[in-house]
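To keep things clear, I will list the structure first and then write my remarks on it.
Fair warning: this is a prediction, and the values are worked out from it, not measured in the lab. Note that these values count all heavy atoms, side chains included, but never hydrogens, waters or copies made by symmetry. Just follow the structure's listing: the first ligand is 1, and inside any ligand the first atom is 1.
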Amino acid sequence: MNQTSLHRLLASDKLDNPENANLKELFDLRLSTNLSIIQNLFLSLYPESSIQNSFPLLLELLPELYKKRPKNLKVQDLRRLKDVNWYKSEKMVGMQLYVDHFNKDLKGLETKIPYFEKLGVNLIHIMPVTTRPKGENDGGYAVNSYTQVDKKYGSKADLLNLTKKLRSKNMHLMMDFVVNHTSDEFPWAKKAMAGDKKFQDYYYTYPDRKLPDEFEYSLPEIFPQTSSGNFTFNTKMNRWVMTVFNNYQWDLNYKNPMVFMDMLTNLVELANLGVDVIRFDALAFLWKKLGTNSQNLPEAHNLIALFRMCLQVVAPGVVLLAEAIVSPQEIIKYFGEGIKKGNECDIAYNATLMALLWNSIATKKTHLLYKNLMNLPGKPIEGTWINYIRCHDDIGLGFDDRYIYEVGWDAYAHRKFLLDYYCQKLDWSPAMGQIFMYNPKNGDGRITGSAASLLGLEKGLEQNNSELIKLAVNKILMLHAIILSYGGIPMIYAGDEIGTLNDYSYLKNKNLKEDSRWVNRPKQDWKTVSGLDKIDTPQTQIFHSLKKLITIRRNTPVFADTNNLVLHQTPSPHIFMIERTNNSDKDVLVICNFDDNINMIDTVDLVSRGYVSGGKLKDLVLGESITLKSGLLEINPFQILWLSKS
Ligand code: GLC
């Protein structure tokens, strides 16, 4: 039982009527329930012997932060405490977007709420909108502030209006908390540059290269092409500063407890704007230790759990998403292990599924997908995934080499094949992606491109090749159908729902041209949207089919994530089959075909699982029954079936 469940249990008789609940009493109850775990986590990072009096400061801070939380959000917190599954529900469907690329600014976004409603999206992830440096700023991930809205997007009042409007429609907002670093223009960085020792200690700063050189031995490079090394010399401060990402993003020094407390304050302020899901950006990097790669360290996990346990006391209706695009075995740890089980992040990106889906498209095979998924440890019942086929970042091939060898391939050659397939090095490949951060030293590289361009729509349209276009549309729909039925929150990247192609305009912008991730951050194509109900094109077909899939998902309760996913392997190397089951007649069997030929499934399997009745199958996607003509079921290229028992 995690701490949220414990709160629910202890407060059960007081949660019946959240509007009239004694808020202070419930805050005290939550504080006392979490106090010992908070203390243990805090002292594991900041032992009493080394730092005087910092734990009492945290104890003073928590009630102060609670005081600042608006009353309506306090009441909403209680409603959510009661509704265990709100973020795991089949009703949740997300869309990710850059506000300016979507519809100019926050007000513009608000006017498009009907568009989300039309598609069935009820969770919107907006990329950073707070103030940032004028030139390069990593799309706002170099923050000058955590809550001041950049003029380009509007004002804080616009953001508050947006969250209010979304709440009134029972929709949700997700925003980033850039927890690992600030920009070099952040007030703390400016004070550090001005010589203020207190703030130099908010970052990792050094007078000479001794420690930076020692760190460099074991630190990998995140952006080797554009920002090599992990330290930058700052001439104003006359010191080296740790900059693991870009040289204008300064890593925060969480060894200093004041950094934790000030960042907790920033986190709560963000939550108090009415944000429902907070994405902990780059959280694998939070703790640095000499001699290690400073990723996924046990201390980072303790720190994240500490943030979560404190946030739960102050704002228990807000959930945390782990942005840990790391190896499959490491991702799962962000849900928490041991005493932290279920007490770290509520949600994590399913980067493993994402990368392996692209692998299956390129190889047309599913054995590597099964191998990786079957060997993953289970997640806690309170945790769920963000399932996605791509996001605003690159697609990294973050799955285990071990399993590549086990299926009989050479890992280095296979990864090279995938980069070649997606990044226009193979004539026969339909993909039109670009390579990102290729490192010739080890052959590592990542892939960028919109879903439609990576899946062949761009090439198909360019060549006016109707067969290629048809296959691309089917692939786009199949991958989305998988994320809609896998278990967790499906997150669609804005534009993919209308097959938007790569956007090459970034190459003309001096601040963006080195970063090919901008190719997959296109502007929303409102012209296509205006024709959705009037013309029949591949783009409008994608929208309408996706909308239908979303409607089915939202009306199929077994799609809620209750850890009710079962993987079934079939003799065909091209088929992917999963079942969402609560052992009832409402279960759903998901079958898809990654091959561009028809594949067969022996219906004996389907009969024994209860999906055949009177020689017929019921497919929710087609919306009709399929009559079995023989003992074999035919699955078309890139077809998806959602079979239901009743
Ligand atoms: C995360 C973001 C990415 C950004 C990085 C540094 O990985 O998704 O866009 O570049 O953090 O903040």
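Contacts with ligand 1 closer than 4.0 Å are made by no heavy atom of Met127, backbone or side chain.
Counting heavy atoms from C-beta on, the side chains of Arg132 and Tyr141 never come closer than 4.5 Å. Annotation: side chain of Phe233 is not in contact with side chain of Tyr206 (no heavy-atom distance under 4.5 Å).
Proximity to His181 (heavy-atom distance under 4.0 Å) selects the following atoms of ligand 1: 6 (C), 12 (O). Heavy-atom proximity to Asp281, at under 4.0 Å, picks out these atoms of ligand 1: 1 (C), 2 (C), 6 (C), 7 (O), 8 (O), 11 (O), 12 (O). Less than 4.0 angstrom separates some heavy atom of Asp393 from each of these atoms of ligand 1: 2 (C), 3 (C), 7 (O), 8 (O), 9 (O).
Between Tyr334 and His301, the two ring planes are tilted [angle within 30° to 60°].
The cationic atom of Arg521 (NZ for Lys, CZ for Arg) does not lie both less than 6.0 Å from the six-membered ring centre of Tyr493 and within 45° of the ring axis.
In terms of N/O distances under 3.5 Å, ligand 1 is not approached by Arg521.
Asp138 OD2, 3.3 Å is the protein heavy atom nearest to atom 4 (C) of ligand 1. The protein non-hydrogen atom at the shortest distance from atom 7 (O) of ligand 1 is Glu323 OE2, 3.0 Å.
For Lys112, the NZ atom counts as densely surrounded, since its 6.0 Å shell holds more than 12 non-hydrogen atoms of other residues, nucleotides or ligands.
Checked against the 6.0 Å centroid threshold, Trp240 and Phe231 do not count as a close aromatic pair.
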